[in-house]
Each structure stands twice: as C-alpha cells, then as structure tokens.
Amino acid sequence: MDEYANGFGHPHGNYWLGLEHVYNILQNHPIFALQVVFTFDSPDWNWVQGFYYGFNISDRLDHYRVTFSFYYPSPTNPLGDSLTNGAYTINGRPFSTYDSDSSKHDCPGRFNGGWWYLDDPVCSRANVNGKRHATSFESSWHWQDDLGDRTSFHDVNLCIVRFTGTLLLF
C-alpha cells in the first residue's frame, strides 16, 4: 500500500501521483471531478472522455475509499461509465493493493495493480492501472462500458479537475 499511497513512476511518463497527495489536493476545494480520457492507436477514433463529479477519497485510515456524486460523459466524445454503472459501482469501495486486498478475490494480483475493486469475482469493469500490452484481458488496460474488449489504447489519463462552474444537464 505504501507505494500507491506515496506515488511512483516518472513524472514525464507513467506516473502515479500517490493517494496521500490526491487526498491532500481534494481537501483544498469543496467539489472536484475525476476526468477519464482514453486516446486510441487507431485513426478512426482519437479519444473519448467522461467526468465523475463529486470525486473524493477518504484518508489512509479508511483505506482511501472513493466516492462520486454522478457521472457525466463528454457530449462530443463520450466514454461509457465503467466505475459507477449499476451493480458494478466502485463508489464507496476501499483501495486494494497486493499487500492490502479488500476485494477478497485477489483482484490486485489478477488485474496487475492497485484499484478500488469490487468485493466480487468480477473485480472491476475497468483497469487503468494494468499493463498496456498484457497477455490476459484482466491485466490489460480496459474499460468495458462502450469500449468492450478493446485494449488498443495509446494512452489513459486520470485528471483531477476543480469544479468551479455550474453544470447544466439537458
């Protein structure tokens, strides 16, 4: 858990900021969104994105539980909701790692990384912390809603966005 709490990787490449740093950032403003952006290798579909408004995580003592208020796909290039979709929502789930698995199904081992996994053999409908060209679907980058079994992504970005305006839903 320490590695995911403190961060790892290279700031100019693959980088995990660290859950403790994310927690501290989220304490500075009342409303944030988690922006998820996928860019693709194929020329027919450049990118898709979605926003999880009301994004927050709890502190380390509570295992960095994640919460969202609602999901809003981009109106122009929408990304399906693989984090809060029905029975497979990760809303309220603690963060799991190899050495601190709250899923009870070896999800960090099967998916090759830490995440807010379900307490279910499915583990998650998304894996943004997996390997880019893994040999198994579970351990590869994937986002099942809208993208299905597609794993040919060029890049996956998770961004914390400070929400300062009014969101109009039509």
Taking all atoms of both residues into account, what is the closest heavy-atom pair of Asn112 and Tyr98, and its distance?
C-OH, 3.1 Å
With side-chain contact (heavy atoms from CB on, under 4.5 Å) as the criterion, how do Tyr53 and Tyr72 come out once you've worked through the C-alpha distance, each side chain's angles and the decisive distance to 0.1 Å?
CA-CA 7 Å; Tyr53 287 92; Tyr72 185 72; 3.6 Å; yes
Under a 4.5 Å cut-off applied to non-hydrogen side-chain atoms, are Pro108 and Ser96 in contact?
yes
Contact between Gln35 and Leu158 at the side-chain level, heavy atoms closer than 4.5 Å - yes or no?
no
Smallest separation among heavy atoms of Pro78 and Pro75, with atom names:
CD-O, 4.4 Å
Shortest non-hydrogen separation from Leu26 to Ile57 and the atoms involved:
CD1-N, 3.6 Å
Euclidean distance, Leu118 CG relative to Thr89 OG1, rounded to 0.5 Å
8.0 Å
Treating Asn77 as the side-chain partner and Trp47 as the backbone partner, does any N or O pair qualify as donor plus acceptor under 3.5 Å?
yes
Do you know which two heavy atoms are closest between Trp116 and Arg65, and how far apart they sit?
NE1-C, 4.2 Å
Please round to the nearest 0.5 Å and tell me the distance separating atom CG of Asn28 and atom CD1 of Ile160.
10.5 Å
Are the charged groups of Asp120 and Lys104 less than 4.0 angstrom apart, N to O?
no
Exercise: identify the closest heavy-atom pair between Ser69 and Gly54
OG-CA, 3.5 Å
Say you draw a straight line from CG of Asn24 to CG of Asp59; how long is it, rounded to the nearest 0.5 Å?
10.0 Å
In the structure I gave you, are the side-chain heavy atoms of Cys123 and Arg110 within less than 4.5 Å of one another anywhere?
yes
Heavy-atom closest contact (Glu3 atom, Trp16 atom, distance):
O-CD1, 4.5 Å
Side chain proximity check, Val37 to Val48, heavy atoms < 4.5 angstrom:
no
Can you tell if the side chain of Asp119 reaches within under 4.5 Å of the side chain of Arg93, non-hydrogen atoms only?
yes
Any side-chain heavy-atom pair from Val66 and Asn56 closer than 4.5 angstrom?
no
Where do Asp101 and Ser103 land on the side chain to side chain donor-acceptor pair (under 3.5 Å) test, with the steps shown first?
CA-CA 5 Å; Asp101 185 5; Ser103 73; 2.5 Å; yes
Are Phe51 and Phe55 near enough that their ring centres are under 6.0 Å apart?
no
Give a yes or no on whether the backbone of Met1 and the side-chain of Asp99 come within a donor-acceptor separation of less than 3.5 Å.
yes
With a 4.5 Å cut-off on side-chain heavy atoms, are Asp81 and Tyr52 touching?
yes
Joint hydrophobic cluster, Leu34 plus Val161, side-chain heavy atoms closer than 4.5 Å:
no
Please assess Ile90 against Tyr117 for the test side-chain contact (heavy atoms from CB on, under 4.5 Å), listing each intermediate value before the final yes or no.
CA-CA 7 Å; Ile90 64 167; Tyr117 294 111; over 6 Å; no
Using the benzene-type ring in the case of Trp, are the ring centres of Tyr4 and Phe95 under 6.0 Å apart?
yes
Can you list the steps and then say if Asn127 with Trp115 is a side-chain contact (heavy atoms from CB on, under 4.5 Å)?
CA-CA 8 Å; Asn127 186 7; Trp115 188 248; 5.7 Å; no
Is the cationic atom of Arg162 (NZ for Lys, CZ for Arg) positioned less than 6.0 Å from the six-membered ring centroid of Phe32 and within 45 degrees of its normal?
no
Go through the steps to decide whether Ile25 and Leu17 satisfy the test side-chain contact (heavy atoms from CB on, under 4.5 Å), and finish with yes or no.
CA-CA 11 Å; Ile25 289 168; Leu17 180 61; 3.8 Å; yes
Side-chain contact, heavy-atom cut-off 4.5 Å: Phe38 with Leu79?
yes
